[in-house]
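Some notes on the structure that comes next.
Both backbone and side-chain heavy atoms feed into the values below; hydrogens, waters and symmetry mates do not. Naming convention: chains lettered A, B, ... in sequence-line order (proteins, then strands); numbering from 1 in each chain. All figures in this text were calculated on a predicted structure; none of them were measured in a lab.
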Protein chains: 2
Amino acid sequence: MVPLTDAPRQPRGRDPRQDRSRATRQRLLEAAVACLAELGWGGSTVSVVAERAGVSRGAAQHHFPTREDLFTAAVEHVAAERSAALRALPPRGAPSAGTADLVPGGGAGPVRADATAAVVRGIVDLYTGPLFRAALQLWVAAANEEQLRPRVAALEARVGREAHRMTVALLGADESVPGVRETVQGFLDMARGLGLATLLTDDSARRDRVVQQWSHLLTAALAHTR
Amino acid sequence: MVPLTDAPRQPRGRDPRQDRSRATRQRLLEAAVACLAELGWGGSTVSVVAERAGVSRGAAQHHFPTREDLFTAAVEHVAAERSAALRALPPRGAPSAGTADLVPGGGAGPVRADATAAVVRGIVDLYTGPLFRAALQLWVAAANEEQLRPRVAALEARVGREAHRMTVALLGADESVPGVRETVQGFLDMARGLGLATLLTDDSARRDRVVQQWSHLLTAALAHTR
């Protein structure tokens, strides 16, 4: 089913060729992300992705003329999926005024602390899944590839700004208060570090304990600076 | 000058051949780290490293029979250098008892907060330099290379434990208090995330602000949980 009205900027007709083209493009992007996550940049070529997507190499090159085009678009795709996943998290809501303590269960109301913990867990989950794994491979490859670097750097800046904006909204944080912006940024840096820590081994037990503790620290930090 | 007495576990003679061999090995390790940081795993071969170190390929293979041997040893070298750099940081010293607030300059004594900030800055610096950049390249390559993965995973576990142990000592943190262990772990995850953020662009201005804010939060967190 192709909806007729809900995509005003890119009006969709019912032309089956356009539908097929969109579906092919989508399959290529998803295959590219999976390849990056599993094989790294070195093993990720247009041919490998085309085969995985069940698309001819010619069709793949029609959509993405170069390897850089394909994988940069795939990271855009990763970013859009990540944003959609962030938007699907339950918002923490506007926190009530009051004091909170750094000691777990100290002064923070259980509802707000729980809500913060849910947001923190949800965001950390985004940085420890296959989407982050794919983005990490491209990011690290871009450090050594002149053609990739500016494109990936610009993308990462956009993705970082979007992740920050949505985290602020989900946490109900007030960035006009000094320190709040950096508190949220440091938390997102931690989420990235946790994603890196899970690359070679299952780090989930340690990560759960860190996330629990840092949910308390963030709850207290945002209460104090508010 | 070769000291005669200060390396009891590996007694050194004055045999010039042994000295040359040690110097060659050291040059190869340093060249391997530099190659990884600049060229990534894909561009880092034994030949490239040997040429950079001014050593014949045969001599390089005498020291390190395989590519995996060379670069795993180079990461060991990175780890040892990182530990030495951590040990060279000024210790925070035993913190005094008392309350601290999350607001910058709130309740924390300026001396202790400054000392924590120095430790935090020093550790974050370790994760944003060429040593971390080299380790990151090997780490990400190991995700897709069966031969590398178990060796790098074991190394990363050792390096992580050592970094944690030294950070606890430098911060004067008491890990018998619930939450302190996870507070320190989360900070080290944040340092890793900051290292990743500086891979493609100069992130130092943002990083300075994050480090400043999180120094205040860590000072307060360690005071509260103590």
Side-chain angles (χ1 to χ4, degrees), chain A residues 37-43 100-104 106 127 133 136-137 139-145 148-150 152-153 156-157 160 178-183 185-197 199-201 206-207 209-214 216-218 220-221 223-225, chain B residues 37-43 100-104 106 127 133 136-137 139-145 149-150 152-153 156-157 160 178-183 185-197 199-201 206-207 209-214 216-218 220-225:
Chain A
E38 290 169 27
L39 308 174
W41 174 249
D101 202 85
L102 279 164
V103 180
Y127 283 87
R133 191 176 279 256
L136 180 63
Q137 290 286 348
W139 202 348
V140 169
N144 314 111
E145 302 246 352
L148 267 181
R149 195 182 306 140
V152 176
E156 282 299 331
V180 166
R181 184 173 174 75
E182 290 74 22
T183 297
Q185 285 180 334
F187 160 59
L188 286 169
D189 287 310
M190 189 183 72
R192 262 200 299 267
L194 287 167
L196 195 51
L199 193 63
L200 300 185
T201 50
R206 183 191 77 92
R207 183 169 68 242
R209 293 191 296 269
V210 171
V211 163
Q212 192 184 5
Q213 172 66 5
W214 279 69
H216 291 300
L217 297 182
L218 264 180
H224 274 258
T225 51
Chain B
E38 290 170 27
L39 308 174
W41 174 250
D101 201 87
L102 278 164
V103 180
Y127 282 86
R133 191 176 277 256
L136 180 62
Q137 291 286 348
W139 202 349
V140 169
N144 314 111
E145 302 246 350
R149 196 183 305 140
V152 176
E156 283 298 329
V180 166
R181 183 172 175 75
E182 290 75 20
T183 298
Q185 286 180 332
F187 160 60
L188 286 169
D189 287 310
M190 191 178 70
R192 262 200 299 266
L194 287 167
L196 194 51
L199 192 63
L200 300 185
T201 48
R206 183 191 77 92
R207 184 169 68 244
R209 292 191 297 269
V210 170
V211 163
Q212 190 184 6
Q213 171 67 3
W214 278 93
H216 291 300
L217 297 182
L218 266 179
L222 294 175
H224 274 259
T225 51

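To the nearest 0.5 Å, the span separating CG on B/Leu194 from CE on A/Met190 amounts to 11.5 Å. To the nearest 0.5 angstrom, B/Phe187 atom CZ is 13.0 Å from A/Leu217 atom CG.
Of the listed residues B/Leu136, B/Leu196, B/Leu199, B/Val211, the one with more heavy-atom pairs under 4.5 angstrom with chain A than any other is B/Leu196. For the set B/Glu182, B/Glu156, B/Gln212, B/Arg149, the entry with the most heavy-atom pairs within less than 4.5 Å of chain A is B/Glu182. Contact count versus chain A (heavy atoms, under 4.5 Å) is highest, among B/Gln137, B/Arg181, B/Arg133, for B/Gln137.
Neither the backbone nor the side chain of A/Trp41 comes within less than 4.5 Å of any heavy atom in chain B. Looking at A/Leu39, only its backbone comes within 4.5 Å of chain B, counting heavy atoms on both sides. A/Ala37 touches chain B through its backbone: at least one of N, CA, C or O sits under 4.5 Å from a heavy atom, while the side chain does not. For A/Val152, the parts sitting under 4.5 Å from any heavy atom of chain B are the backbone and the side chain alike.
For B/Arg192 against A/Gly193, the heavy-atom pair with the smallest separation is NE-O, 3.5 Å. Across B/Leu200 and A/Ala142, no two heavy atoms sit closer than the pair CD2-C, 3.7 Å.
More than 12 non-hydrogen atoms from other residues, nucleotides or ligands lie less than 6.0 angstrom from CD of B/Glu145.
Evaluated for a salt bridge (charged side-chain N to carboxylate O under 4.0 Å, His left out) with A/Asp189, the options B/Arg209, B/Arg207, B/Arg206 yield exactly one hit, B/Arg206.
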